[in-house]
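Data first, discussion second: the structure below is written as structure tokens.
Given the structure is predicted, the values throughout are model-derived calculations rather than measurements. The analysis underlying the following values was restricted to heavy atoms, covering all of them including side chains, and did not include hydrogens, waters or symmetry mates. Each chain gets a letter, A, B and so on, in the order its sequence line appears, and its residues count up from 1.
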There are 2 protein chains.
Amino acid sequence: MFKKVLIAEDFQDTNAGIVSALSNKLNIHELQEELYCDKAFNRIKVAHSNGVPFELLITDLLFKENHVDRKLTSGVDLIKAVKTIQPSIKIIVNSMEDNPSKVKSLFKEQNIDGYVCKGRHSLNELTAAILEVYQDNTYLSPQINMTSNQNVIELEEFDISILTELANGLSKKEIAEKFKQNNMTPNSESTIDKRVSKLFDDFGAKNTTQLIAILTKDGLI
Amino acid sequence: MFKKVLIAEDFQDTNAGIVSALSNKLNIHELQEELYCDKAFNRIKVAHSNGVPFELLITDLLFKENHVDRKLTSGVDLIKAVKTIQPSIKIIVNSMEDNPSKVKSLFKEQNIDGYVCKGRHSLNELTAAILEVYQDNTYLSPQINMTSNQNVIELEEFDISILTELANGLSKKEIAEKFKQNNMTPNSESTIDKRVSKLFDDFGAKNTTQLIAILTKDGLI
DNA sequence: CAACCCCTTACAGATATCTGTAAGGGGTTG
DNA sequence: CAACCCCTTACAGATATCTGTAAGGGGTTG
């Protein structure tokens, strides 16, 4: 079993729940916890340079802001930073995110080893995930697969750019101008019109306002 | 100290964290937990009719959907149901919600005794809250007061109706017609125009799309 | 290379949005 | 009760949104 594991999770109650469950169920020699990404990163860096590296990082994705200044503000930031100094470390993400395309991108882009979706079986899943990852396998929360039919529509980067600007209150004409200034292509107002109209069909929206409401609620923008 | 306490919280890890912390810190004789609102309600009902009622309910606000059919789908539903059979029970809400006006309405409308905001000090706060509530005082998470300057703008019910319909893709003309059909007043397109323009000022939005994006992100609609 | 599809772009026309002006009604204040 | 404020409503005019048509360019297929 892993001998040295770090948990990064900003909710004290969740953090405590994970620690107590893992202490009881698995024989992990050293189980440490942090409430901040920056502190978690430092701990991994120090352990690594002292020749006693962590073998597994269990991290949340969202970390609440507070008065403390932060360099690393999210789980993804933390993962990227950790991978630069210790690429071989195993990583399990434990979060409430249940959007399949977002979770899939964690595996694809951040190269994580396991994903556990917070819910009524988190702790059982987390134990299973640790056992799988220890065997060099990956683990994906079954909750993610179940809902995977819902969000088949993948947004292209270009669509996201348009949607983000619309949510920021720019008109389509202004978006076209901005794209031209930044040498992004395509950039005609007509094309932007067409793209947005296509998204109306994809998401069943009647107009821009409803489209942005739907996508914001789904967390896609 | 309270002798009989029930925890309603759907995240297994958070649930476990609360139970282990309270077992260690407070001398509560009977500490039970439930992952579903309906089950929590049944447990309270049975205990009450058996003459061994719970004295304190600690509940989350949001409970995840899954394949199980649910009558009570939120913490507020649960609180309302519990109060009908046992109005004297003490209630502490433990949730991630940090919008001051939403939290204040829990005290005002649901008559709760304490509010703890999930975060880096949840467990310490929860312990403090239980001690306060046991003394017949109320408890409010300090995190809520700190952010209270941000959301001073209170949305009227009329504004919310308009915004909800806009997010559903209705045009202002359609909203005016719907209001007239439902005998809601005021209901002219012009008034709706004016109200929405006022909200642009209040929230710093340039158009309807941005306004809906802002309010959806804030969880106000 | 002709036929085809898909994307981009321009343009036109019908609606919708947004802002400003003005009139009137109800309530409050001096 | 006159002066005032605030809200509602109507209306007008400038823009913005949305849909549809059409032309052209690049890539693929037979």
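You can see that DNA chain C meets the heavy atoms of chain A within a 4.0 Å-exclusive cut from C:dT8 to C:dC11, reading 5' to 3'.
The salt bridge (Lys or Arg N to Asp or Glu O under 4.0 Å) contacts involving residues 161-170 of chain B comprise B:Glu165-B:Lys178, where partners must be two or more places apart or lie in separate chains.
Using a 4.0 Å heavy-atom criterion, one finds that B:Lys172 contacts the sugar-phosphate atoms exclusively. Contact annotation for A:Ser190: base contact, defined as any heavy-atom pair under 4.0 Å involving a base atom. Within the 4.0 angstrom heavy-atom criterion, base atoms lie near B:Lys194.
Taking every heavy atom of residues 176-187 of chain B and every atom of DNA chain C, no pair lies under 4.0 Å. Taken residue by residue, residues 208-217 of chain A places heavy atoms nearer than 4.0 Å to DNA chain D at A:Thr208.
Distance alone, capped at 3.5 Å, is enough to place a donor-acceptor pair between the A:Glu97 side chain and the A:Asn99 backbone.
Environment of CZ in B:Phe158: crowded, with over 12 heavy atoms of neighbouring residues, nucleotides or ligands closer than 6.0 Å. Atom NZ of A:Lys45 has 12 or fewer neighbouring heavy atoms from other residues, nucleotides or ligands inside a 6.0 Å radius. No more than 12 heavy-atom neighbours from other residues, nucleotides or ligands sit within 6.0 angstrom of NZ on A:Lys198. Other residues, nucleotides and ligands place no more than 12 heavy atoms under 6.0 Å from the NZ atom of B:Lys39.
A 4.5 Å side-chain heavy-atom check between A:Phe203 and A:Leu220 finds at least one atom pair inside the cut-off.
Annotation: side-chain contact (heavy atoms from CB on, under 4.5 Å) contacts of A:Ala81 (sequence neighbours excluded): A:Phe41, A:Leu72.
The side chain to side chain donor-acceptor pair (under 3.5 Å) test with A:Lys118 singles out one residue from A:Asp60, A:Asp98, A:Thr14, and that residue is A:Asp60.
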For DNA chain D, the dot-bracket pattern of Watson-Crick and G-U pairs whose distances stay under 3.5 Å, | for other-strand partners: ||||||||||||||||||||||||||||||
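The residue among A:Asn207 and B:Thr191 whose nearest nucleotide of DNA chain D is located toward the 5' end is B:Thr191. Residue order along DNA chain D, read from the 5' end via each residue's closest nucleotide, puts B:Glu189 first among A:Ser197 and B:Glu189.
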Candidate pair B:Glu132 and B:Asn137, rule side-chain hydrogen bond (donor to acceptor under 3.5 Å, both in side chains), full reasoning: CA-CA 5 Å; B:Glu132 284 297 328; B:Asn137 299 322; 3.0 Å; yes
Intermediate values then yes/no, side-chain hydrogen bond (donor to acceptor under 3.5 Å, both in side chains), A:Asn187 and A:Thr185: CA-CA 5 Å; A:Asn187 55 34; A:Thr185 167; 5.2 Å; no
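Atom NZ in A:Lys102 sits 8.5 Å away from atom OG in A:Ser105 (nearest 0.5 Å). Rounded to the nearest 0.5 angstrom, B:Ser188 OG and B:Lys173 NZ are separated by 13.5 Å.
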